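To start, the structure itself, in structure tokens.
All figures in this text were calculated on a predicted structure; none of them were measured in a lab. Here is the naming used below: chain letters follow the sequence lines, and residue numbers restart at 1 for every chain.
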There are 2 protein chains.
Amino acid sequence: MSTQKASRPSGAKDDPSAAGSGRRPTLMDVARRAGVSRATASLVIRDAAGPSAESRERVRQAAADLGYRPDLAAQLLRRRNSRLIGVMFSAQEPFHADLIESVYAATEEVGYDVVLSAVVPSRGERRAVEALITSRCEAIVLIGAREACTTDFGVQVPVVEIGRPPNETVFDAVHTADDEGARLAVDHLVSLGHHDIVHVDGGERPGAAERRAGYLDAMRRHGLGGRARVVPGDYTELSGFEAARTLLSAGPLPTAVVAGNDQCAIGLLIELRHAGVDVPGRVSIVGYDDIRSARLAHIDLTTVRQDAEQMARLAVQAAVERLDNGLDGETREFSLAPQLVVRGSTGPTR
Amino acid sequence: MSTQKASRPSGAKDDPSAAGSGRRPTLMDVARRAGVSRATASLVIRDAAGPSAESRERVRQAAADLGYRPDLAAQLLRRRNSRLIGVMFSAQEPFHADLIESVYAATEEVGYDVVLSAVVPSRGERRAVEALITSRCEAIVLIGAREACTTDFGVQVPVVEIGRPPNETVFDAVHTADDEGARLAVDHLVSLGHHDIVHVDGGERPGAAERRAGYLDAMRRHGLGGRARVVPGDYTELSGFEAARTLLSAGPLPTAVVAGNDQCAIGLLIELRHAGVDVPGRVSIVGYDDIRSARLAHIDLTTVRQDAEQMARLAVQAAVERLDNGLDGETREFSLAPQLVVRGSTGPTR
DNA sequence: CACTCCTTTTAGATCGATCTAAGTACCATG
DNA sequence: CATGGTACTTAGATCGATCTAAAAGGAGTG
């Protein structure tokens, strides 16, 4: 199965920065080399006030010579605050990747670092959060948590949830007004002349219930309550495929579909086109999230945009403020306005 | 833009596990409560030999009562070995997500923990690796590294690369024999009667050069060297779309395409079908990686499978062995055999 | 010269765990 | 009763940083 062959010797061997001992250099080594005390060296490394220009220079030089890198464990241990924010996310979700990107940016701005903890099939939300607590994170951001797993063990740190609707969480929360988003989608389709609008929902996934409610509400308000129809699904491409097959096999096609999220919408789109259905000519499709691939030229999905950057920024801000002002006090909910992005997967009815 | 409303008070307030002080409980607290010394408590928590059954019980109980959680920073600082393996990956790559899932499993088996560090546009490979070093990781696994960024700063820990071909790395490496994989793809297509086989390559991405070489070699061996044709691309869906447009606009379509990876293949597939081209009737498509969505019912992509689980396991093993046996010694390369997975995107020529 | 004030430096305690080496009990054995 | 062994337990050093409080070195002032 696997072949294995030996080759060049290790490149990390003749490293000039290694201080002889092979041991990684500590602040003590730097201080000694610079001819100052550990305390002074520490101040210089942290860019704190105190040391003279001359000391600064010498310590900097010594640190560079030795290839010194502060030991995070030691810093964490000693510092009152770890300046770490833990982030739980699902490895397989593209929208989470977008959020993470923005979380890195947002935490950097406020002077914090990020610790990631992925949820994968073999590693549930609980394990993921425990890992974050053990890592001494000062605050935790949960992206798309499905279980309220954090309520039942003593989390002593502020928690902010991204993506879960307000009434489902006891923590600070940032989310997009998903009901409003679904309404936007329906309004858009109705304005294009559609009446037969189906919703492929997201089952139990975070936000799905709200999107469903928004869809039903909007249909009702347009006098289409009787024609509302919800096809079960989840947030995966696969469920989009399956929904497409359901629609194709059961009676006449609707003229438009509001999908639970973009991945589902993409699955729908691919499968419908594969079956020879013109999109948007025969069926219009609206997604939700505006993930990267929705923007790609020839998926070109009309979708309800969630502003990942803004969500990440607000979540980080909320966490930091709670750190500054204490855990007590009302939980806060930030509800962002969704934004309809009209692209090529929707069009007027014939 | 954002609305904010106050609501229920924080749920983390009346937590019974908080030991009054609000401070997170330490081993000292546990020991005191159990009426033993810190040392004994430590032994119990670590499941080490020594303490009597009675002590064990009392410490366990005390720890549970207090909601004690060991402080990773303190453990890391004191322990000779941190038992951490750092993993660099790209947030947006689905195949990386598959690998991470398996890396978690593999590290757990050997008693290590994982520290993730994502590469995103605002946070290059160098930053990502620096974060891992600062975190005291004993070894580093680089998934799909593009720069040899780790050679130039003094990395004193073993590094294993996943996905980069052997001649491009000075570290231990695990990869799939990509040239062989491309050959498998071509052989498969030729056996179906195809002669006009185009390759959409991956540019500078890890493994792309090998796949290209394997494609060219296989074409030559089948006497099709003169008909070989490489369309530039990268590993994204977008490049698949663009390649499709290139193919559609420039002369007669080939009868088959070997894509640089699955995402590219999926982009091709969608766009060709969108343009009314029957896949696999008119054009057959082979991908590379076998990512999750390739398996989905109606993408149903014929592809060259990389065994993510095996790759992760080998990488982790290689790292651990180097930790046990020292950094010196020949670098090792594990070259996994790729495996052709025939699904519905390829068929015989007409 | 004695005094304060300011800048710069530093010794030593500390964070919360692990690890070493020594201590205590208790029992059996010569 | 001394001796050795076994089973547990623990005090204290230690990891590598930060932080506090005090010391050291001028410089200015009456």
So, does B:S55 get its side chain near the phosphate of D:dT9, meaning an N or O under 4.0 Å from OP1 or OP2? yes

Heavy atoms under 4.0 Å, any strand shown: does A:T40 hit a base, just sugar-phosphate, or nothing? base

Minimal non-hydrogen separation, B:Y104 against A:V120, with atom names: CD1-CG2, 4.3 Å

Quick one: closest heavy-atom pair of A:V110 and A:R83, and the distance? O-NH2, 3.6 Å

Pair B:L116-A:F89, side-chain contact (heavy atoms from CB on, under 4.5 Å): steps then yes or no: CA-CA 12 Å; B:L116 294 181; A:F89 71 106; 4.1 Å; yes

Please confirm whether the shortest side-chain N or O distance from A:S37 to OP1 or OP2 of C:dT9 is below 4.0 Å. no

May I have the distance from A:E54 (atom CD) to D:dG25 (atom C1'), rounded to whole angstrom? 14 Å

Can you tell me if A:D65 and A:Q61 form a side-chain donor-acceptor pair at under 3.5 Å? yes

Please encode protein proximity along nucleotides 14-20 of chain C as a string of B, S and -, counting only heavy-atom distances under 4.0 Å. BBBBBB-

Using distance alone, with no hydrogens and no angle criterion, decide if B:R46 and B:S42 have a side-chain donor and acceptor under 3.5 Å apart. yes

Any donor-acceptor N or O pair under 3.5 Å, side chains A:S117, A:R123: yes

